[in-house]
Colleague: 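Here it is: the structure, laid out below.
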2 protein chains.
Amino acid sequence: MGVTKTEIFTEQQNRLAVLLKAIAHPARIAILQEIINSNACICGDLVSELGLAQATISQHLKELKNAGLIQGTIEGASVCYCINPDSWETLKNELDGFFKSYKGPTTCC
Amino acid sequence: MGVTKTEIFTEQQNRLAVLLKAIAHPARIAILQEIINSNACICGDLVSELGLAQATISQHLKELKNAGLIQGTIEGASVCYCINPDSWETLKNELDGFFKSYKGPTTCC
DNA sequence: CATTTATATCGCAATATTACGATTATTTTT
DNA sequence: AAAAATAATCGTAATATTGCGATATAAATG
């Protein structure tokens, strides 16, 4: 046991869960914010900005990249990470739909 | 180690991460969708709707409740769960702000 | 009041996540 | 080419999550 039963849920539910899980960590939220705010793409500056080891940051970046939320391009010895505009837009819209599907409180509770 | 270093992140980052983590599971997404779609609040119908054991559903409901996303009111022998309108709205806005802070692709990657 | 119904909680096994030191690979710099 | 800088990967320890059977709790029903 201990494994998420993905087979009993819809494609959409699983996909949304994977993307949200990728964001659902303070370090990865911080990384995304850094990438967004420094309008130039930052690389290993994250290691000095956030207080985490280089291996840890690299691992978080990998997860964000696996989820498709960011993309990295090699720039000499360092790597330049930035938001993947398409998946960012897709997730934004999907989440928007999800949150808007709730039409306010009902009478029961 | 293996413990998230919450102390090095901002309140906002930690709060958002906790809320997103609560949603970031297909079963909990399915539960939220069920609660939203059945405009009457459902109770243990979730157990028959989704293919998970009663103990598992109850645990997922607890997590959603702990995160403040849903609230349960006792209704006789059963419990009626529905969305917490305030936290739902708050999270929606916070996420909206987060996603909107990205102003499209830059020149670098 | 015994029985059924509806949920919650406990305890456990399987697995996933988080963090980091050490190492490796690659590119700059000297 | 050696040294330094940058980032990825490996291995590992600590902890968290997921799922469920078994059990507990509480209300409804007979």
Colleague: Can you check the A:D45 CG to D:dA7 C1' distance for me, whole Å?
Modeller: 12 Å

Colleague: Using whole Å, report how far CD of B:E75 lies from C1' of C:dT5.
Modeller: 15 Å

Colleague: Does a side chain donor of either B:S78 or B:E75 reach within less than 3.5 Å of an acceptor in the other side chain?
Modeller: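 No pair is found: no donor N or O on one side chain lies under 3.5 Å from an acceptor on the other.
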
Colleague: B:I57 CD1 to C:dT9 C1': how many Å, rounded?
Modeller: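 B:I57 atom CD1 is separated from C:dT9 atom C1' by 16 Å.
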
Colleague: Tell me: NE2 of A:H25 to C1' of D:dT15, nearest whole Å?
Modeller: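 Roughly 12 Å, once rounded to whole Å.
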
Colleague: For the side chain of B:T56, starting at C-beta, report the closest nucleotide among D:dC20, C:dA6, D:dT9.
Modeller: D:dC20

Colleague: Does A:A77 or A:L52 map to a spot on DNA chain C nearer the 5' end, using the closest nucleotide for each?
Modeller: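 Looking at the nearest nucleotide for each, A:L52 comes out on the 5' side.
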
Colleague: Does B:S38 use its side chain to pair, donor to acceptor, with the backbone of B:E34 at less than 3.5 Å?
Modeller: yes

Colleague: Round to the nearest Å and state the distance from A:I42 atom CD1 to D:dA7 atom P.
Modeller: 9 Å

Colleague: Check this one for me: any side-chain N or O of B:Y81 less than 4.0 Å away from OP1 or OP2 of C:dA8?
Modeller: yes

Colleague: Whether A:S58 contacts D:dA8 is assessed here as follows: a side-chain N or O lying under 4.0 Å from the phosphate OP1 or OP2. Is that the case?
Modeller: yes

Colleague: Where the side chain of B:K62 is concerned, which of C:dT18, D:dT18, C:dT9 is the nearest nucleotide?
Modeller: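 Selected nucleotide (nearest to the side chain): C:dT9.
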
Colleague: By nearest nucleotide on DNA chain D, pick out whichever of A:T6 and A:Q59 is the more 5' one.
Modeller: A:Q59

Colleague: Which part of the nucleic acid, if any, lies within contact of A:A55, taking any heavy atom under 4.0 Å across all strands shown: a base, the sugar-phosphate backbone alone, or nothing?
Modeller: base

Colleague: Using atom CG of A:L50 as one end and atom P of C:dC20 as the other, report the distance to the nearest whole Å.
Modeller: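 Whole-Å distance recorded here is 11 Å.
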
Colleague: What distance separates A:L19 CG from A:L69 CG, expressed to the nearest 0.5 Å?
Modeller: 5.5 Å

Colleague: Would you please classify the geometry between the A:H60 ring and the A:H25 ring as parallel, tilted or perpendicular, with 30° and 60° separating the classes?
Modeller: tilted

Colleague: Would you say a side-chain N or O of B:H60 is under 4.0 Å from OP1 or OP2 of D:dT17?
Modeller: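 No, because none of the side-chain N or O atoms of B:H60 sits under 4.0 Å from OP1 or OP2 of D:dT17.
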
Colleague: Where along residues 11-24 of chain B does a heavy atom come under 4.0 Å from DNA chain C, residue by residue in number order?
Modeller: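 Residues of residues 11-24 of chain B under 4.0 Å from DNA chain C: none.
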
Colleague: Rounded to the Å, how far apart are A:L64 CG and C:dT17 C1'?
Modeller: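 My rounded result for the distance is 14 Å.
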
Colleague: Once you round it to whole Å, what is the distance between C1' of D:dT6 and CG of A:L61?
Modeller: 13 Å

Colleague: Nearest to the side chain of B:K5, which nucleotide is it out of C:dC20, C:dA6, C:dT18?
Modeller: C:dC20

Colleague: Show your reasoning for whether side chain to side chain donor-acceptor pair (under 3.5 Å) applies to B:T56 and B:Q59.
Modeller: CA-CA 5 Å; B:T56 309; B:Q59 200 173 279; over 6 Å; no

Colleague: With heavy atoms under 4.0 Å as the rule, sort A:E63 into base, sugar-phosphate or nothing.
Modeller: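 Sugar-phosphate, no base atom in range.
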
Colleague: Apply the test salt bridge (charged side-chain N to carboxylate O under 4.0 Å, His left out) to residues A:D96 and A:K92: give CA-CA distance (whole Å), side-chain angles for both, the deciding distance (0.1 Å), then the verdict.
Modeller: CA-CA 6 Å; A:D96 209 48; A:K92 184 167 82 172; over 6 Å; no

Colleague: Any donor-acceptor pair under 3.5 Å linking the side chain of B:R28 with the backbone of B:L61?
Modeller: no

Colleague: Quick check for you: to the nearest 0.5 Å, what is the distance between B:N93 atom CG and A:F99 atom CZ?
Modeller: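 Going from CG on B:N93 over to CZ on A:F99, the span is 10.0 Å.
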
Colleague: Taking for each residue the nucleotide of DNA chain C bearing the nearest heavy atom, is the 5' side occupied by A:Q54 or by A:A27?
Modeller: A:A27

